[in-house]
Amino acid sequence: MRSNENTLLLGKKVVLVPYTAEHVPRYHEWMKSEELQRLTASEPLTLEQEYSMQRSWREDTAKCTFIVLDAEKWQARLSTTEESCMAGDVNLFLTDLWDPSLGEIEVMIAEPSCRGRGFGTEAVLMMMSYGLTKFEAKIGQGNEPSIRMFQKLHFEQVAVSSVFQEVTFRLIVNEHERQWLLEQTSHVEEKCYRDGSSESH
């Protein structure tokens, strides 16, 4: 999405940066995993298809995609690349033309060493601070870690599809939820992102 192409969000555990061509080779390697394909309901793509997908996501005005970086590795890096700090991705889709306040949120922590460390939780909270008031998450029925995470983030189950083998969770952000969300993300800093580096914003 063009609106986040120059935005870097710095949290305690994760850094969110726009999905650029630099990230595609690592992302492509992750998506060769049958486990990740199953958990994300994705089909394997060729490297060229992955580059094409990255370009289309960047231009799509209804989708906001960030790569999730391990903040500790990212802050300690001297000569390493952003690619070596990658942990996963987080996406926000505007899915209803008639309701621009509704977004579908997805998160994938692909790097096994980064799972179970709160990276997905912080990445989702950071995306939720983008100001929408309704969020949905569609999760594979067998993806217990994601189901527990979204429940912990106050999402409630609203539907089950046996055809797609997925559970839909929803969160309506009322004033109480908005205050809670602000408390959870008060530490997040927004910076300007340009080609793998950041500048204070």
Side-chain angles (χ1 to χ4, degrees), residues 1 4 9 11 13-20 23-54 56-58 60 62-71 73 82-95 102-128 130 132 134-171:
M1 181 183 263
N4 79 311
L9 297 174
K13 297 180 179 185
V14 300
V15 178
L16 303 186
V17 297
Y19 183 31
T20 68
H23 305 120
V24 172
R26 181 77 171 266
Y27 190 91
H28 179 66
E29 285 303 310
W30 285 338
M31 296 314 295
K32 289 179 180 178
S33 159
E34 289 182 14
E35 177 194 19
L36 286 178
Q37 290 172 23
R38 180 180 52 77
L39 291 173
T40 61
S42 300
E43 295 292 323
L45 300 176
T46 66
L47 184 58
E48 192 47 51
Q49 289 170 320
E50 209 74 77
Y51 275 110
S52 178
M53 183 78 73
Q54 179 272 327
S56 74
W57 287 357
R58 191 169 182 114
D60 191 337
K63 182 175 180 126
C64 183
T65 298
F66 282 102
I67 291 296
V68 178
L69 305 178
D70 178 330
K73 284 184 183 176
E82 246 181 36
E83 186 180 11
S84 68
C85 304
M86 288 173 60
D89 74 336
V90 62
N91 305 290
L92 186 62
F93 308 94
L94 300 178
T95 56
L102 172 65
E104 182 178 337
I105 198 159
E106 296 179 345
V107 65
M108 173 184 75
I109 302 301
E111 200 58 48
S113 65
C114 295
R115 295 183 191 154
R117 295 173 53 195
F119 286 22
T121 299
E122 186 174 51
V124 168
L125 285 166
M126 289 163 75
M127 285 297 268
M128 288 171 58
Y130 257 67
L132 299 181
K134 291 180 245 174
F135 295 94
E136 280 189 352
K138 295 180 180 176
I139 305 165
Q141 286 177 317
N143 192 341
E144 285 299 320
S146 285
I147 289 171
R148 282 192 304 274
M149 182 193 75
F150 278 99
Q151 288 172 330
K152 186 172 82 176
L153 294 174
H154 305 179
F155 281 68
E156 295 181 1
Q157 182 176 317
V158 294
V160 176
S161 170
S162 55
V163 173
F164 294 109
Q165 296 185 352
E166 70 182 12
V167 183
T168 301
F169 286 86
R170 181 174 287 165
L171 174 67

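Just so it is clear, the values below take in all heavy atoms, side chains as well, and ignore hydrogens, waters and symmetry mates.
From M53, atom CE reaches atom CD of E48 across 12.0 Å, with rounding to the nearest 0.5 Å. Considering CG of D70 and CZ of R117, their distance stands at 5.0 Å, rounded to 0.5 Å. Summarising the geometry, atom OG belonging to S42 is positioned 7.5 Å from atom CE belonging to M108; distances are rounded to the nearest 0.5 Å. Between atom SG of residue C114 and atom NZ of residue K73 there is a gap of 5.5 Å, rounded to the nearest 0.5 Å. Atom CG of residue D89 and atom CG of residue L69 lie 11.0 Å apart, to the nearest 0.5 angstrom. Atom CD1 of I139 sits about 10.0 Å away from atom CD of E106, to the nearest 0.5 Å.
Shown here for P25 and L47, the closest heavy-atom pair between the two residues is CA-CD1, 4.3 Å. The two atoms that bring V14 and A71 nearest to each other are N-CB, 3.7 Å, heavy atoms only. Between W30 and A87 the shortest heavy-atom distance is CH2-C, 3.5 Å. A pairwise comparison of heavy atoms in M126 and G11 identifies CE-N, 3.7 Å as the closest pair. In terms of heavy-atom proximity, V90 sits nearest to A123 at CG2-O, 4.1 Å.
Not a single donor-acceptor pair under 3.5 Å links the side chain of Q141 to the backbone N or O of V167. With E122 contributing its side chain and K13 its backbone, the two residues share a donor-acceptor pair below 3.5 Å. No donor-acceptor distance shorter than 3.5 angstrom exists from the side chain of E136 to the backbone of L102, with no hydrogens or angles considered.
Here the side chains of L132 and L92 are in contact, with some heavy-atom distance below 4.5 Å. Using a 4.5 Å heavy-atom threshold, the side chains of M127 and V107 count as separate. Side-chain contact between P145 and R115 is absent, with no heavy-atom pair separated by less than 4.5 Å. Annotation: side chain of D60 is not in contact with side chain of T65 (no heavy-atom distance under 4.5 Å).
Around CD of E144, the count of heavy atoms belonging to other residues, nucleotides or ligands within 6.0 Å exceeds 12.
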Do any side-chain atoms of residues 147-166 form donor-acceptor pairs under 3.5 angstrom with protein atoms, and if so which ones, sequence neighbours left out?
from : atom 1 : to   : atom 2 : distance (Å)
H154 : ND1    : E177 : OE1    : 2.8
H154 : ND1    : E177 : OE2    : 3.3
S161 : OG     : F164 : N      : 3.1

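Looking at E29 and K32, a side-chain N of the basic residue comes within less than 4.0 Å of a carboxylate O on the acidic one, giving a salt bridge.
With sequence neighbours excluded, the residues satisfying side-chain contact (heavy atoms from CB on, under 4.5 Å) with H23 are V17, Y19, T20, I67, E82, M86, Y193. Scanning for side-chain contact (heavy atoms from CB on, under 4.5 Å) contacts around S33 gives E35, L36, with sequence neighbours left out.
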